[in-house]
Protein chains: 2
Amino acid sequence: MATSHTQSTAGVRDLYGGRRVSAARRTIADAAALIRGAFTVEQLHDAVQLSEPGIGIATVYRAVAAMSATGSVAPVGYRAGSALYALCPGGTHHHHLVCTGCGSVVGIACPVDRSLEDAARKTGYTVTGHEVTLYGLCRSCAGECD
Amino acid sequence: MATSHTQSTAGVRDLYGGRRVSAARRTIADAAALIRGAFTVEQLHDAVQLSEPGIGIATVYRAVAAMSATGSVAPVGYRAGSALYALCPGGTHHHHLVCTGCGSVVGIACPVDRSLEDAARKTGYTVTGHEVTLYGLCRSCAGECD
DNA sequence: GTGTTAGTGATAATCGTTCTCACTAAGGAC
DNA sequence: GTCCTTAGTGAGAACGATTATCACTAACAC
Ligand SMILES: [Mn+2]
Ligand SMILES: [Mn+2]
Ligand SMILES: [Zn+2]
Ligand SMILES: [Zn+2]
């Protein structure tokens with residue numbers, strides 16, 4: 001049995017909001033934390049298999065949906081037809097810059113400020129939400145030279 | 001034959017870049033212009049059928065891909081599992097505010113400024129692109145009262 | 001401890017999108 | 001205008017990510 005979870009039980013509880021925390025969901029949360037970057041559900045499922053074979057991919061889909069609902073996982077775009085997600089424990093509003101080379105992710109400040117919403121309001125619209133994602137290259141993916 | 005195209009041939013040429021412009025692509029461009037808001041490929045296909053039955057949905061997918069490649073059509077999110085697009089003839093860099101009620105779309109200024117990219121650069125990342133979409137309600141979808 | 005029911009895993013189903021292929025016609029060369 | 005090349009077309013099959021189904025198990029409120 002490969003049951004050494006890096007997250008405390010209380011920490012995992014937070015990730016899933018008030019929902020039940022099963023052994024599978026603990027393993028899935030641990031695997032997501034180890035990836036530490038953008039992942040598809042299939043990639044996360046593969047990572048999960050390494051420590052706990054037998055966990056079904058439907059369970060990974062459900063765990064990602066549950067963590068998305070609480071905001072502890074955020075969608076960060078699409079890659080080759082699959083949705084990309086990243087673990088996002090921080091509580092404050094922010095967005096993500098994703099390395100298109102390796103999938104690493106850093107948080108960025110929200111650029112949607114009052115003035116933009118005011119401009120939108122002038123056209124008669126009420127702004128209820130927004131999506132912002134930046135793409136780029138991390139230091140190691142950008143350069144030959146270092 | 002319902003062959004009264006609102007777009008000039010030259011205008012349609014621009015939409016498709018240097019590519020060949022068939023009768024089907026003229027009809028598709030006209031239908032997209034009439035929708036004047038966000039649409040799924042299936043919705044656009046339905047609209048096309050009204051004036052020219054027989055145009056296959058694969059042809060609509062290909063036309064949307066061609067217009068996306070030239071920037072005359074922009075992706076503006078997802079609705080119920082399908083990609084949303086909007087006609088976007090303007091040449092300057094901007095983003096979109098989509099009414100979640102009726103699908104109407106207005107352009108908005110890009111909020112990703114130098115300072116945000118500088119902050120990203122400080123973390124070691126080079127920014128190569130970004131996606132920004134705002135969601136909200138247009139005047140008629142927002143209020144009972146008017 | 002018990003009971004309720006959310007979560008699980010295998011599998012099938014869904015469905016948006018892409019591919020295949022034989023055919024047609026756009027448009028450049030002359 | 002005619003010819004040629006080949007991009008575009010339409011029908012249908014194929015693909016594949018995601019979701020639904022269902023009998024079973026276990027989380028956790030009491
Ligand atoms: Mn984050
Ligand atoms: Mn636009
Ligand atoms: Zn990288
Ligand atoms: Zn509206």
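Keep in mind that this is a model prediction, so the values were computed, not measured. Protein chains get the first letters and strands the later ones, always in sequence-line order, with residue 1 at the start of each.
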Item to check | A:Leu97 versus B:Ala120, closest heavy-atom pair with distance | outcome: CD2-CB, 3.6 Å
Checklist entry - Contact class for A:Ile55 vs. all strands (heavy atom < 4.0 Å): base, sugar-phosphate, or nothing? => result sugar-phosphate
Checklist entry - Minimum heavy-atom separation for B:His45 to B:Gly56, with atom names? => result NE2-C, 3.7 Å
Next on the checklist: Using a strict heavy-atom distance below 4.0 Å, which residues from residues 41-49 of chain A are in contact with DNA chain C?
Outcome noted: none
Checklist entry - Any idea which heavy atoms bring B:Val105 and B:Ala86 closest together, and the distance? => result CG2-CB, 4.1 Å
Next on the checklist: For a 4.5 angstrom cut-off between non-hydrogen side-chain atoms, does A:Val21 reach A:Arg26?
Outcome noted: yes
Identify all pairs in which a protein N or O lies below 3.5 Å from an N or O of nucleotides 27-30 of chain C, and state each distance.
residue: C:dG27; atom: OP1; partner: B:Val21; partner atom: N; Å: 3.0

Checklist entry - Whole Å only: how far is the OH atom of A:Tyr16 from the P atom of D:dA27? => result 14 Å
Next on the checklist: Five pairs per end, C1' atoms only: what is the angle between the end axes of the helix from C:dG1-D:dC30 to C:dC30-D:dG1, to 10 degrees?
Outcome noted: 60°
Checklist entry - D:dT19 P sits how many Å from B:Tyr78 OH, rounded? => result 13 Å
Checklist outcome for this item: Of all heavy-atom pairs linking B:Arg79 and B:Ala38, the shortest is NH2-O, 4.3 Å
Checklist entry - Can you check whether A:Leu116's main-chain N or O pairs, donor with acceptor, with A:Asp113's side chain at less than 3.5 Å? => result yes
Next on the checklist: For DNA chain C, which residues of residues 59-74 of chain A approach it to below 4.0 angstrom with any heavy atom?
Outcome noted: A:Thr59, A:Arg62
Next on the checklist: Determine whether a donor-acceptor pair (N or O, by modelled atom type, separation under 3.5 Å) exists between the side chain of A:Glu117 and the backbone of A:Arg114.
Outcome noted: no
Checklist outcome for this item: A:Arg25 atom CZ is separated from D:dA27 atom P, nearest whole Å, by 12 Å
Next on the checklist: Test your reading of the model: is there a side-chain donor-acceptor pair from B:Thr70 to the backbone of B:Leu15, 3.5 Å cut-off?
Outcome noted: yes
Checklist entry - Would A:Val106 and A:Val76 show up in the same hydrophobic cluster when neighbours are defined by side-chain heavy atoms closer than 4.5 Å? => result no
Checklist entry - Do the side chain of A:Ser72 and the main chain of A:Pro89 share a donor and acceptor less than 3.5 angstrom apart? => result no
Please list each protein N or O that sits under 3.5 Å from an N or O in nucleotides 2-4 of chain D, with the distance.
none

Checklist entry - Are the side chain of A:Thr27 and the backbone N or O of A:Ala23 linked by a donor-acceptor pair below 3.5 Å? => result yes
Checklist entry - Any donor-acceptor pair under 3.5 Å linking the side chain of A:Ser68 with the backbone of A:Val64? => result yes
Item to check | Minimum heavy-atom distance between A:Gln49 and A:Gly54, given as atom pair plus value | outcome: NE2-N, 3.5 Å
Checklist entry - Which of residues 79-86 of chain B have a heavy atom under 4.0 Å from DNA chain C? => result B:Gly81, B:Ser82, B:Ala83
Next on the checklist: Looking at every heavy atom in both B:His96 and B:Gly107, which two are closest together, and how far apart are they?
Outcome noted: CD2-CA, 4.4 Å
Checklist entry - Rounded to the nearest 0.5 Å, how far does CG of A:Leu137 lie from OG1 of A:Thr100? => result 4.5 Å
Next on the checklist: With clusters defined by side-chain heavy atoms of hydrophobic residues (ILVMFWY) lying less than 4.5 Å apart, directly or transitively, does B:Phe39 cluster with B:Leu84?
Outcome noted: no
Checklist entry - In terms of ring plane angle, is the pair A:His130 and A:His93 parallel, tilted or perpendicular, where the classes change at 30° and 60°? => result perpendicular
Checklist entry - Would a line drawn from the ring center of A:Tyr135 to the ring center of B:Tyr125 be shorter than 6.0 Å? => result no
Item to check | Length of the line joining B:Glu52:CD and D:dG10:C1', which is rounded to integer Å | outcome: 14 Å
